[in-house]
**Q** 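Dumping the structure here so I can ask a few things about it.
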Amino acid sequence: MKIQPHPHPYASHERFAAASPLQYNIPVDLFKQLEVSAVAAHAPLAVRMRPRTLEEFCGQEAFLGEGRMLRRMIQAGRLTSVVFFGPPGSGKTTLANVIARHFDCEFHQVNAASASVKEVREIIDGARALLASSGRRTVLFIDELHRFNRAQQDVLLNDVEIGTIILIAATTENPFFSINSPLLSRSTVFEFTALLEADVVALLRRALSDHERGLGRFDVRATDEALLHLATVCDGDARRALTALEVGVLSQAARAAAGGEGVVFDLPIAQESIQQKALQYDQAGEGHYDTISAFIKSMRGSDPDATVYWLAKMLVAGEDPMFIARRIAILASEDIGNADPRAISVAAAAYEIVHRIGMPEGQLTLAQAAIYMACAPKSNRSAAAIWEATADVKNNRTAAVPKHLRNAPHSGMKSLGYGVGYQYSHEFAGGVSPDQDYLGVDRQYYQPTDRGYEKHIKEYLDWAAKMREDGKQGGAKPE
């Protein structure tokens, strides 16, 4: 028996809601198909409008465009295990379903948040049996794979390696941190990016014109600015944009039908439907580290505009302002240093002020400090000096303190040579002792630049070196 498609996605399947196969005297498999059909009929617009073919799929041109790697793999029927990672609503689950339609394979879909190891083992056992009996392979799609712990992920290793199953894994987390290295080495990783505004608008228009799965029957007149607003505020999340469109249309449908008019979806309706923009920012995940990295590199790169943008993103997303203040303080020493010695004072003041006044006023102080850092001359020579000196202390023979620099509070120490021959700098011309070794080994750790205040430091050190040289040649005596 072939199940006929339901006449309309909003038509009723309520009679199956609390039913069982025995009540209707129909086969279990047929009943399950009816049940799936009922669920699909009432699915959200974003689910109903999922592309069914590669031609309908929008975005991810980097690897799915004509002639690109993944498209070639799919068209050639040579798919291997893959990992899709990227932000929500960028098409990971959709593409997995498109692939399932394209290949003549058994397809199983589970969500790692609710699936058990037992369930996965049963699917793998079934895949082995199917491969042995008919030669057909099995595609196992695991959504949110990062929710499986290491031991759960290890269950997949052997069967992915020998090809019993083709694994398609989707995750919003960076797989290089959240997925076992052995499993990654057996898979090809594809990074999904947020959809472009043009792609989202195209999906919205498709939903408005589709009478079978979309909103075509409502005769919606949508303005360009309304659709562009959804595409902008959704931040590349097609699911969010389609949900907002459905809310805006259905909220007017009954009234429009009563008046014999179509639905108008204009900018005010769009703004009301999608509400506040939701940032994709996980304070414990990759978004946190990527954004603070961009913030630091923008200050280091002397770009105040990029600096204040990344600062604003972190603050809007709820980042800890004290964390940001600490990063500014670190940068003041690491990347500015003596090119502008005032930077560390600005950073210290910002840290103290933000700690005392909190948010939202603290954003003013953070912005002032961050912009100051971006506009300050840069030098990492102080940081490089301590890094190099630390490496020497750790890896090379430790230098002994020269005897003339040692403390000699006891006469017995002086008899051993402690403090003997020390030249008190203030007793010499220019405050520079002419012949004094302060380290005992020939090393130069600090090499100032000619930027900002550090150029004056460089001039002074050059002058001091000349004074020592002149003092040695002329036998300089104390003043």
Side-chain angles (χ1 to χ4, degrees), residues 46-47 49-75 79-99 141-146 167-179 184 187-207 227-245 274 277-295 297-298 306 309-310 312-314 316-317:
V47 175
M49 288 303 302
R50 276 180 175 158
R52 294 163 293 189
T53 65
L54 285 176
E55 288 67 31
E56 290 183 357
F57 192 89
C58 286
Q60 315 312 330
E61 293 294 321
F63 55 81
L64 204 60
E66 281 297 333
R68 297 291 184 172
M69 180 178 177
L70 185 55
R71 181 178 285 266
R72 295 199 312 268
M73 290 170 63
I74 295 172
Q75 290 174 339
L79 186 68
T80 58
S81 291
V82 294
V83 174
F84 297 157
F85 90 97
S90 55
K92 301 183 296 296
T93 302
T94 295
L95 185 56
N97 281 278
V98 168
I99 290 172
F141 173 53
I142 303 181
D143 201 5
E144 300 185 81
L145 181 62
H146 61 275
L167 174 68
I168 302 178
T171 175
T172 55
E173 303 292 328
N174 190 321
F176 299 103
F177 298 133
S178 60
I179 297 178
L184 281 180
S187 310
T188 305
V189 178
F190 294 97
E191 180 180 6
F192 283 60
T193 57
L195 295 180
L196 301 176
E197 290 180 357
D199 291 330
V200 177
V201 170
L203 291 173
L204 294 173
R205 292 195 183 282
R206 185 185 299 168
L227 297 183
L228 183 58
H229 177 76
L230 295 187
T232 300
V233 176
C234 79
D235 246 6
D237 186 338
R239 184 186 297 109
R240 190 160 181 255
L242 287 165
T243 299
L245 179 66
I274 200 165
K277 182 176 178 179
L279 290 178
Q280 300 298 332
Y281 187 92
D282 180 2
Q283 292 189 37
E286 188 180 10
H288 161 84
Y289 294 105
D290 284 348
T291 308
I292 194 63
S293 176
F295 175 64
K297 289 170 182 173
S298 298
Y309 179 86
W310 298 123
K313 178 182 177 181
M314 289 188 290
V316 170

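Computed over heavy atoms, backbone and side chain alike; hydrogens, waters and symmetry mates excluded.
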**Q** Any chance you could measure Ile142, atom CD1, to Leu167, atom CG, to the nearest 0.5 Å?
**A**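 Reported to 0.5 Å precision, the distance equals 5.0 Å.
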**Q** Should the ring pair Phe192 and Phe84 be called parallel, tilted or perpendicular, given that the plane angle runs from 0 to 90° and is split at 30 and 60?
**A**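 If you compare the ring of Phe192 with that of Phe84, the planes turn out tilted.
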**Q** Nearest 0.5 angstrom please: Leu203 CG to Leu227 CG, how far?
**A**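 So the gap between those two atoms works out to 11.5 Å.
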**Q** In Å and rounded to the nearest 0.5 Å, what is the CZ to CG distance from Phe190 to Leu64?
**A**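 Going from the CZ atom of Phe190 to the CG atom of Leu64 covers 9.0 Å.
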**Q** Taking atom types as modelled and ignoring hydrogens, do the side chains of Gln60 and Ser90 form a donor-acceptor contact shorter than 3.5 angstrom?
**A**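 There is no such pair (donor and acceptor under 3.5 Å, judged by atom type) between the side chains of Gln60 and Ser90.
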**Q** Provide the closest heavy-atom pair for Ile179 versus Leu184 in the form atom of the first, atom of the second, distance.
**A**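 Where Ile179 meets Leu184 most closely, the heavy atoms are O-CD1, 3.9 Å.
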**Q** Is the side chain of Lys92 donor-acceptor paired with the backbone N or O of Pro87 at a distance under 3.5 Å, no angle test?
**A**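 Between the backbone of Pro87 and the side chain of Lys92 there is a qualifying donor-acceptor contact (under 3.5 Å).
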**Q** Quick check for you: to the nearest 0.5 Å, what is the distance between Asp235 atom CG and Glu197 atom CD?
**A**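 So the CG of Asp235 and the CD of Glu197 are separated by 9.0 Å.
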**Q** Could you give me the CA-CA distance, side-chain angles and deciding distance for Val200 and Leu242, then say whether side-chain contact (heavy atoms from CB on, under 4.5 Å) is met?
**A** CA-CA 9 Å; Val200 177; Leu242 287 165; over 6 Å; no
**Q** In terms of relative ring orientation, are Phe176 and Phe85 parallel, tilted or perpendicular, with 30° and 60° separating the classes?
**A**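 It falls in the perpendicular class, over 60°.
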**Q** Please round to the nearest 0.5 Å and tell me the distance separating atom CD1 of Ile74 and atom CZ of Arg71.
**A**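 That separation rounds to 7.5 Å.
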**Q** Should Arg68 and Glu61 count as an ion pair when the cut-off is N to O under 4.0 Å?
**A**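 Not counted as a salt bridge, because no side-chain N and carboxylate O are separated by less than 4.0 Å.
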**Q** Of all the heavy-atom pairs spanning Leu54 and Val98, show the shortest one and how long it is.
**A**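 Distance-wise, the nearest heavy atoms are N-CG1, 3.7 Å.
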**Q** Between the side chain of Arg206 and the main-chain N/O of Glu56, is any donor-acceptor distance below 3.5 Å?
**A**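 Indeed, once roles are kept as given, a pair shorter than 3.5 Å links the two residues.
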**Q** For the atom pair SG (Cys234) and CG (Leu204), what is the distance rounded to the nearest 0.5 Å?
**A**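 Going from SG on Cys234 over to CG on Leu204, the span is 7.5 Å.
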